[in-house]
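Report on the structure given below.
Just so you know, residue 1 is the first one in the sequence shown, and it goes up from there.
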Amino acid sequence: MPESTVKLEIRSYDSESKKHCHRYHQLVLPLAGELWLAVDHQEGAVVRHKAAVIPSDRNHGFAAPADNRFLVADVPEQAAPDLERVPRFVELDPALLHYVRFLEAQVSLRATSGSRQRQMVLLLVLAGFGEATPVLIAASSLIVIGSLVAGHHPSKPR
């Protein structure tokens, strides 16, 4: 992954336990099911209202016991250096969960360019996982308005 590339994908995991590390931060956000993770000797699950933050260069193990879907953001270290200080497992408030669903729609419809994905993911990081709710709501509204002006509403198939 190039140093400035932010990647946003919907992923599913299988029940086989795996372990690896990568040279970028990763946010794992719940859409459906659960994912068990071990990061920095902390174990937890990404479920309905809980996300995981995996800092760059950290070994982590993972497995999913059943059908699942997660929104995964791969974030370069220099784009969000403070992610190392965020707890490994974070409760998501209703506004942030709403934004995660918005991001899911954008990714599912392939409605965003690489630069727009970067902006949306960095907004997610800046939100501090619930600390900037008014900014998050305003910014997601601006993205929707921008999509309408560009002629493709996020909820309208192309």
Could you check if a side-chain atom of V46 sits within less than 4.5 angstrom of a side-chain atom of P30, using non-hydrogen atoms only? yes
Side chain proximity check, L37 to E43, heavy atoms < 4.5 angstrom: no
Please determine whether a side-chain nitrogen of the Lys or Arg among D74 and R11 lies less than 4.0 Å from a carboxylate oxygen of the Asp or Glu. yes
Output for pair (L109 CG, E104 CD), nearest 0.5 Å, gives 9.5 Å
Between atom CG of L29 and atom CG of L103, what is the distance when rounded to the nearest 0.5 Å? 8.0 Å
Minimal non-hydrogen separation, [X] against [Y], with atom names:
X   : Y    : answer
L71 : V100 : CD2-O, 3.8 Å
K19 : N59  : CE-CB, 4.1 Å
S12 : R69  : OG-CG, 3.9 Å

Test of understanding: clusters of I, L, V, M, F, W, Y form through side-chain heavy atoms closer than 4.5 Å, transitively. Do [X] and [Y] belong to the same one?
X    : Y   : value
L83  : L92 : yes
W36  : F89 : no
V39  : Y13 : yes
V107 : L27 : yes
V6   : F70 : no

Answer yes or no: is there a donor N or O on one side and an acceptor on the other, between the side chain of [X] and the main chain of [Y], under 3.5 Å?
X   : Y   : answer
D40 : Q42 : no
R88 : V86 : yes
R58 : E84 : no
S15 : P65 : no

Give the table of side-chain donor-acceptor pairs shorter than 3.5 Å for residues 48-56, with sequence neighbours excluded, one pair per line with atom names and distance.
from: S56; atom 1: OG; to: Y24; atom 2: N; distance (Å): 3.4
from: S56; atom 1: OG; to: E77; atom 2: OE2; distance (Å): 3.1

Residues passing the side-chain contact (heavy atoms from CB on, under 4.5 Å) test with H20, sequence neighbours excluded, are H22, H60, F62
